[in-house]
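Below is one structure; the comments refer to it alone.
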Amino acid sequence: MTVLKTSLRNFLAHKGRMALSAIAVLLSVAFVCGTLVFTDTMNTTFDKLFQATASDVTVSAKSSSDTGETTSRTGKPPVMPASVVGKIREAQGVATAEGTVFSTAVTVVDHDLDKLSPKSGAPTIVGSWNTNDARTMKITSGTAPKGPDQVMVDADTADKHHLKLGDEIGIISVVGTHHARVSGVATFTVTNPGAAIFYLDTKTAPQILVGRTGVYTNVNVTAAKGVTDAQLKRNVAAGLGDGYKVQTAKEVADANRKDIGKFLNVMKYAMLGFAGIAFLVGIFLIVNTFSMLVAQRTREIGLMRAIGSSREQVNRSVLVEALLLGVIGSLLGVGAGVGIAVGLMKLMGTMGMHLSTDDLTVAWTTPALGMLLGVVVTVVAAYLPARRAGKISPMAALREAGAPADARAGAVRALIGLVLTGAGSWSLHVAATADHAKDGSAWLGLGLVLTLIGFVALGPLLAAGLVRVLGAVMLRLFGPVGRMAERNALRNPRRTGATGAALMIGLALVACLSVVGSSMVASATDELDKSVGADFIVEASGGSKPLTPAASEAIRNTPGLAHVSRLKEVPAELTLPNGSVHQQKLFATDPAYPQDVRRTTLSGRLSAAYGRDAMSVGSDFAHKNGVKVGDTLKVAFDGGGTARLRVAAVTSDDTSIDKGKMYTAVTTVGRYVPVDRMPLDIAVLAANNGDEHQVYAALKKSVATDPSVTVMDRSDYKKDLREQVGQLLDMVYGLLALAIVVAVLGVVNTLALSVVERTREIGLMRALGLSRRQMRRMIRLESVVIALFGALLGLGLGMGWGATAQKLLALEGMKVLEIPWPTITGVFIGSAFVGLLAALVPAFRAARMNVLNAIATD
């Protein structure tokens, strides 16, 4: 009970000093809990949606996916004859059966040819209005579509794009472009998943989306009273035979849940990873806080030991303070986490995915995990300072406050740091010289961990050297004030090292990712210049969708082009001479393609691969499977017949463009795959034969009616590549900002406690003539040098990690190492401003101290 009272008294006495440590715990716990609440809410929302939209039994074509998504190869959804509805109705236990058609391989535009697709990445769906949809949507304006000239739109899409009744829209599909006017608006009665949904009438939809009537993509079956979904599925399947996919509502919901769960899991674990980094940085803050508090209370603890307190009691007293800090910070963090989740839901709403707070899901495991993490991390971080407090002897009551540093412990720590750093550097060297990226990645991971821990352990030793260098370069310019700031930073190298290490972690990751991102862009740009001979590249939706036949035809008919090369992706099953079977994708192209994408040929002639019944293979596949020029492979085309293709060339896979691709001629695939199953072009490459600017403008004009199609010249392609990598890095930097914020709190806390520790010293300096302005400047300079010390460590370590990672990427074709010096320099300079910001409050407090009271402080 005495230990608890002492801990409570000390905690309340230093509550201001504990506040920033509590904020660090709060932020870390909030990020974890917010992530879990948000993803759980997303799961709940989609579970309700899938349950509400799934019919008792759904029948679809055998080749359709479990989630019913449209195939992207042909641009048409898998369909069944309309006669199947009659067979289903004859099955025992069927109450109703209704055929529907829908497709996601569409682009919808308004009268100005602006896309009406969601910006969130959710699909655009065009389908037939049916009874099943009426269960989750209510017509709130106008009427359901009747006839080919009418279309109904969901309310969210209508609001976002300011659509009203009578407006004309265009539906662009593989069949062509269909124009209709908005006849009605339907509002979701469940949460809108973010998709843009357009409804046609049942007779029109098959013609517009598939190109023929009398077919359906799905049949929604309702069970008669007393019939279970499982019984209904068996009865329907028995009546149809094996040519169809029959699923219960639960099976459809599970398939959809699994599909969306992949995306949610990636997002969840990525965000939790960054939360873990913030926790790691928070550990340094907590260790520093308790180390300084213990040092300031050395005489007090010595007195406690003199009057009978045992080491264990002193140790427990500090740990109880940490426990209180962890509990308070974690409780606040759990509450803040729910707020973060609501904020993320609002953010998703601005992107078109409306999540209702009615579905807010806070599982009991979320606050439990948040509390557990916050408390355990705080107590573990406080263990070493608590252990150090327990070692204080009763004789410390007779000395000045502040325990002398343990030189032996410092030497052991430095030795451990050198060993770990050496081992980590060796691991990075092994990774950089690995022959295979998969083998090197494990060594890279080990090297990252060991060098990070090693630098943390070496922090005090490095601080003693680097701070002197920084002081000589920067602080000496400020005269005596600068020299005092340097000495203050050097006074306790362990504290400076720990504070700098907190900032080091976040900046090391920033530098590493910057080097990797810049090297990827530079390598891809270099490879583009070397390998791509085409002047123009045309894709639909960034390559995620095939080009419509109309767009491909328009490109081929554009004047001023020397030649055009189509690229089609053809799934196939390959049987090798040794009998092994492989699922592969062949890329059917025109004979001019080797001019547009240059591949080094190791054996044979690539031009021969475009002869009758011939193909090429990549060197990795050939080496792994013992395939050579002259071998004949049995190729079973998906949706087509079986061919025997001769290997005419083996191309080098020492590239990042078209790495591993197997080529064959479009005419070869055309002999074995029916026209209606022939894959659409996923890209068209073209060579210029005239004025480049005129041909570029002509190409854009040719595809202007389809806004999903993008025409790029070389500079456009490079710019698009940089933007894609830049967007990814910006997102990562945003998540790393949490760790950097916590690190800044660490600098603030260190300075604040340092000011309290030096209260008497500050009073004496003020009495000797140091002005308030000079005092503020001294504190700010000390903060800046600590921040720059952490930046030097982090940026140096991060560039080492990034350079090693690039060596592994070089094995995959990314051969150019590029250090983004503007970014590195900007981060270093930014660190100085971080130091200035962190010093504002501590410097103000130091300058406002009463001189006499400060001198009288014990």
Side-chain angles (χ1 to χ4, degrees), residues 70 72 75-77 100-130 133-134 136-188 192-211 213 217 351-354 540-542 544-551 554 700-710:
T70 302
S72 61
K76 296 179 182 180
T100 66
V101 177
F102 83 97
S103 175
T104 57
V106 289
T107 300
V108 183
V109 297
D110 61 15
H111 64 281
D112 293 324
L113 296 181
D114 292 326
K115 285 197 296 185
L116 302 178
S117 303
K119 295 181 180 179
S120 62
T124 299
I125 303 172
V126 177
S128 57
W129 176 249
N130 58 82
D133 287 319
T136 56
M137 300 194 77
K138 180 182 179 181
I139 301 176
T140 52
S141 179
T143 62
K146 298 173 184 177
D149 62 339
Q150 294 187 354
V151 62
M152 186 164 65
V153 61
D154 74 272
D156 293 319
T157 301
D159 290 341
K160 188 185 305 178
H161 297 283
H162 310 292
L163 296 175
K164 57 185 183 296
L165 298 182
D167 283 353
E168 182 179 307
I169 66 171
I171 300 171
I172 305 170
S173 70
V174 64
V175 176
T177 301
H178 176 74
H179 296 280
R181 293 190 178 276
V182 177
S183 66
V185 175
T187 302
F188 278 93
N192 181 356
I197 305 179
F198 301 86
Y199 292 105
L200 301 165
D201 73 334
T202 304
K203 290 183 179 179
T204 304
Q207 185 64 48
I208 302 306
L209 303 176
V210 186
T213 57
T217 57
M351 300 171 64
M353 184 177 290
H354 299 290
S541 300
S544 62
K545 284 173 54 178
L547 292 162
T548 64
K700 283 183 169 292
K701 186 177 179 180
S702 296
V703 297
T705 55
D706 188 346
S708 69
V709 179
T710 304

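Values below: every heavy atom of this structure, side chains too, minus hydrogens, waters and symmetry copies.
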TODO: Applying side-chain hydrogen bond (donor to acceptor under 3.5 Å, both in side chains), run through S141 and K164 and close with a yes or a no.
DONE: CA-CA 9 Å; S141 179; K164 57 185 183 296; over 6 Å; no

Task: T157 backbone acceptor or donor facing D159 side chain under 3.5 Å - done: no

Open item on the list: Assess the residue pair I208 and L200 against the criterion (side chain to side chain contact (heavy atoms under 4.5 Å, CB included)); give the C-alpha distance rounded to whole Å, side-chain angles, the decisive distance to 0.1 Å, and a yes or no.
Closed with: CA-CA 9 Å; I208 302 306; L200 301 165; 4.1 Å; yes

Open item on the list: Can you confirm whether S103 sits close enough to T217 that some side-chain heavy atom of one is under 4.5 Å from a side-chain heavy atom of the other?
Closed with: no

Task: Closest contact, heavy atoms only, A195 versus I125 - done: CB-CD1, 4.2 Å

Open item on the list: Measuring from atom NE2 of H161 to atom CG of D112, what distance do you get when rounded to the nearest 0.5 angstrom?
Closed with: 12.5 Å

Open item on the list: Does either side chain, that of T140 or that of T187, offer a donor lying less than 3.5 Å from an acceptor on the other one?
Closed with: yes

Open item on the list: For T202 versus W129, what's the shortest heavy-atom pair and its separation?
Closed with: OG1-O, 3.7 Å

Open item on the list: Side chains of S708 and D706 only: does a donor on one sit below 3.5 Å from an acceptor on the other?
Closed with: yes

Open item on the list: Which residue in the set D167, L165, V185 passes side-chain contact (heavy atoms from CB on, under 4.5 Å) when paired with V153?
Closed with: V185

TODO: For side chain to side chain contact (heavy atoms under 4.5 Å, CB included), just list the numbers for D149 and H179, CA-CA rounded to whole Å, side-chain angles, deciding distance to a tenth of an Å, and then say yes or no.
DONE: CA-CA 7 Å; D149 62 339; H179 296 280; over 6 Å; no

TODO: Measure the CG-CG distance between L163 and L116 for me, rounded to the nearest 0.5 Å.
DONE: 5.5 Å

Open item on the list: Do Y199 and D133 make a side-chain contact, defined as non-hydrogen atoms from C-beta onward lying under 4.5 Å apart?
Closed with: yes

Task: V151 side chain near S183 side chain, heavy-atom distance below 4.5 Å - done: no

- [ ] For residues T705 and I172, report the shortest heavy-atom separation together with the two atoms involved.
- [x] O-CD1, 3.4 Å

- [ ] Might you point out which heavy atoms bring Q207 and T213 nearest each other, and give the distance in Å?
- [x] OE1-CG2, 3.6 Å

TODO: Give the C-alpha distance, both sets of side-chain angles, the deciding distance and a yes or no for side chain to side chain contact (heavy atoms under 4.5 Å, CB included) between E168 and D110.
DONE: CA-CA 6 Å; E168 182 179 307; D110 61 15; over 6 Å; no

TODO: Pick out which of V182, D154, V108 makes a side-chain contact (heavy atoms from CB on, under 4.5 Å) with F198.
DONE: V108

Task: Backbone of P145 reached by a side-chain donor or acceptor of D201 within 3.5 Å - done: no

Task: Heavy-atom closest contact (S173 atom, L209 atom, distance) - done: OG-CA, 4.5 Å

TODO: Step by step, work out the side chain to side chain contact (heavy atoms under 4.5 Å, CB included) result for F188 and K138.
DONE: CA-CA 6 Å; F188 278 93; K138 180 182 179 181; over 6 Å; no

Open item on the list: If I compare all heavy atoms of K115 with all of P707, which pair ends up nearest, and what's the gap?
Closed with: CG-CG, 3.4 Å

- [ ] Return yes if some donor-acceptor pair links the side-chain N/O of T124 with the main-chain N/O of A196 below 3.5 Å, else return no.
- [x] no

- [ ] Tell me, please, which residues at least two apart from K146 pass side chain to side chain contact (heavy atoms under 4.5 Å, CB included).
- [x] Q150

